[in-house]
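This report concerns only the one structure given below.
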Amino acid sequence: MADLKDINNPPILTAKRSGYRIITLNRPERLNAFNEPMHLALRVALMDAEADKECRALLITGAGRGFCAGQDLTTRLANEPGEARVLGGALEAYYNPLIRRMRAMPIPIVCAVNGVAAGAGANIALACDIVIAARSATFVQAFARIGLIPDSGGTWFLPRLAGDARARGLAMLADAISAEQAEQWGLIWKVVDDAGLQTEADTICQRFARAPTKGLGLIKRALNESASNTLDQQLDLERDLQREASMNPDYQEGVRAFFEKRKPNYSGRR
Ligand code: T3D
């Protein structure tokens, strides 16, 4: 296993900007496929970002020509023909906690898909709140190509975002689709020209860094929970979350700024 403290070759790069952080998946020679050190480093980076009260948004992207090729398959080849490599452990230990953490984080997560997003890499992108992609990027539910099923939330995200017919086609045929197709099918927010990806991602994060953070976190919670709630349950949830939002000083700042015809100056208090 690579040393987590290998400063010359860290699997995750983190950078702080004013009001947000950037996490870069950094195994470009493997198209940023996940191994254990990368999972552990990403977990630490997410926990640090959440603990930092000044951090009001997160940007996830990949180094090199790919976004993420999912699980690193070099550790998945059995030694002998006929021998099985039984999976499930890495989902329990890493992928599932990762997706749960991303969805529950009280700040918006922006994903800048800079290149191919395959397997778990595609579904980690779909778990983010705002997904933008370079025009040259592709999305591929590569699992069926090797006899697996979409994980990291894929079987949950795909039908909800793209509908059942497209979810089945994507999962079972495992063909790559273009970023433009992903946008047209509602899998992602927006496609931008390759050269503009970084600027667009920074612009969105800068906007979130000035936004009423508490309210955004509550929007995220309401939308997450709507997937399994009845309308009645959702109306009750909206009442409760609205009450919570209104108790944050940023709500009053928003109303005051409206009447004073000026830009609000939100504290971002969570
Ligand atoms: O515990 C568990 O295992 C369960 C969890 C499962 C989660 C999963 O994500 S399972 C799905 C795993 N991912 C895949 O099956 C995708 C495999 N990769 C590909 O199909 C292709 O590489 C891509 C479609 C992503 C990109 O194709 P292309 O032609 O642009 O690039 P390439 O030449 O295939 O890859 C470039 C290099 O990256 C190459 O290495 P080389 O030959 O230059 O030394 C390739 O082997 C390496 N690479 C790409 N993906 C992976 C990888 N190495 C290890 N693991 C990978 N997933």
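Since the structure is predicted, the reported quantities are computational estimates derived from the model, not experimental observations. When a ligand or atom number is given, it counts from 1 through the structure's own listing order.
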Side chain or backbone, does [X] bring an N or O within less than 3.5 Å of an N or O on ligand 1?
| X | answer |
| --- | --- |
| Thr74 | no |
| Arg30 | yes |
| Gly119 | no |
| Arg76 | yes |

| According to a 4.5 Å side-chain heavy-atom criterion applied to Ile, Leu, Val, Met, Phe, Trp and Tyr, with indirect links allowed, do Leu197 and Leu31 form part of one hydrophobic cluster? |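 Different clusters.
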Heavy-atom nearest neighbour in the protein, as seen from [atom], with distance rounded to 0.1 Å:
| atom | result |
| --- | --- |
| atom 20 (O) of ligand 1 | Arg145 NH1, 4.0 Å |
| atom 22 (O) of ligand 1 | Leu31 CD1, 3.8 Å |
| atom 13 (N) of ligand 1 | Ala69 O, 2.9 Å |
| atom 57 (N) of ligand 1 | Gln71 O, 2.8 Å |
| atom 54 (C) of ligand 1 | Asp72 OD1, 3.3 Å |
| atom 33 (O) of ligand 1 | Arg65 NH2, 4.0 Å |
| atom 17 (C) of ligand 1 | Leu73 CD1, 4.1 Å |

| request: Report the C-alpha distance between Gln233 and Thr230 in whole Å, list the side-chain angles of each, state the deciding distance to 0.1 Å, and finish with yes or no for side-chain hydrogen bond (donor to acceptor under 3.5 Å, both in side chains). | output: CA-CA 5 Å; Gln233 289 168 325; Thr230 62; 3.3 Å; yes
| After noting the C-alpha distance and the side-chain angles of Leu158 and Leu170, does the key distance pass the side-chain contact (heavy atoms from CB on, under 4.5 Å) rule? | CA-CA 8 Å; Leu158 291 173; Leu170 289 168; 4.0 Å; yes
Mark up the atoms of ligand 1 that fall under 4.0 Å of a heavy atom belonging to [X], in ascending order.
| X | answer |
| --- | --- |
| Leu87 | 1 (O), 2 (C), 3 (O), 4 (C) |
| Phe143 | 7 (C), 8 (C), 9 (O), 10 (S) |
| Gly70 | 9 (O) |
| Ala33 | 55 (N), 56 (C), 57 (N) |
| Ala90 | 1 (O) |
| Ala142 | 14 (C), 15 (O), 16 (C) |
| Glu29 | 37 (C), 38 (O) |
| Ala118 | 25 (C) |

Return a yes/no value: protein heavy atom under 4.0 Å from [atom]?
| atom | value |
| --- | --- |
| atom 46 (O) of ligand 1 | yes |
| atom 50 (N) of ligand 1 | yes |
| atom 39 (C) of ligand 1 | no |
| atom 9 (O) of ligand 1 | yes |
| atom 1 (O) of ligand 1 | yes |

| task | Using a cut-off of 6.0 Å, state whether more than 12 heavy atoms not belonging to Trp189 lie near its atom CH2. | result |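 Atom CH2 in Trp189 is not crowded, with 12 or fewer foreign heavy atoms closer than 6.0 Å.
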| query | More than 12 foreign heavy atoms under 6.0 Å from CZ of Arg269: is that the case here? | reply |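 Open.
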Would you say the side chains of [X] and [Y] form a donor-acceptor pair under 3.5 Å?
| X | Y | answer |
| --- | --- | --- |
| Thr213 | Arg270 | no |
| Gln198 | Asp202 | yes |
| Tyr95 | Asn123 | no |

| Taking heavy atoms and a distance under 4.0 Å, where does Asp151 meet ligand 1: side chain, backbone, both or neither? |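 Asp151 to ligand 1: side-chain contact only, backbone stays beyond 4.0 Å.
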| field | Among Asn9, Asp72, Asn32, side chain to side chain donor-acceptor pair (under 3.5 Å) partner for Arg27 | value |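 For Arg27, the side chain to side chain donor-acceptor pair (under 3.5 Å) test succeeds with only one of Asn9, Asp72, Asn32, which is Asp72.
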May I ask you to say whether [X] pairs ionically with [Y], meaning some side-chain N is under 4.0 Å from a carboxylate O?
| X | Y | answer |
| --- | --- | --- |
| Lys214 | Glu244 | yes |
| Asp129 | Arg103 | no |
| Glu180 | Arg135 | yes |

| task | Start with the C-alpha distance between Phe34 and Ile124, add both sets of side-chain angles, then the distance that settles side-chain contact (heavy atoms from CB on, under 4.5 Å), and finish with yes or no. | result | CA-CA 11 Å; Phe34 270 89; Ile124 288 166; 3.5 Å; yes
| said: Show, in sequence, the C-alpha distance, side-chain angles and deciding distance for Glu36 and Thr75, and conclude whether the side-chain contact (heavy atoms from CB on, under 4.5 Å) test is met. | reply: CA-CA 10 Å; Glu36 242 180 315; Thr75 57; over 6 Å; no
| request: Test Leu126 against Leu187 for side-chain contact (heavy atoms from CB on, under 4.5 Å), laying out the working first. | output: CA-CA 7 Å; Leu126 298 186; Leu187 287 166; 4.2 Å; yes
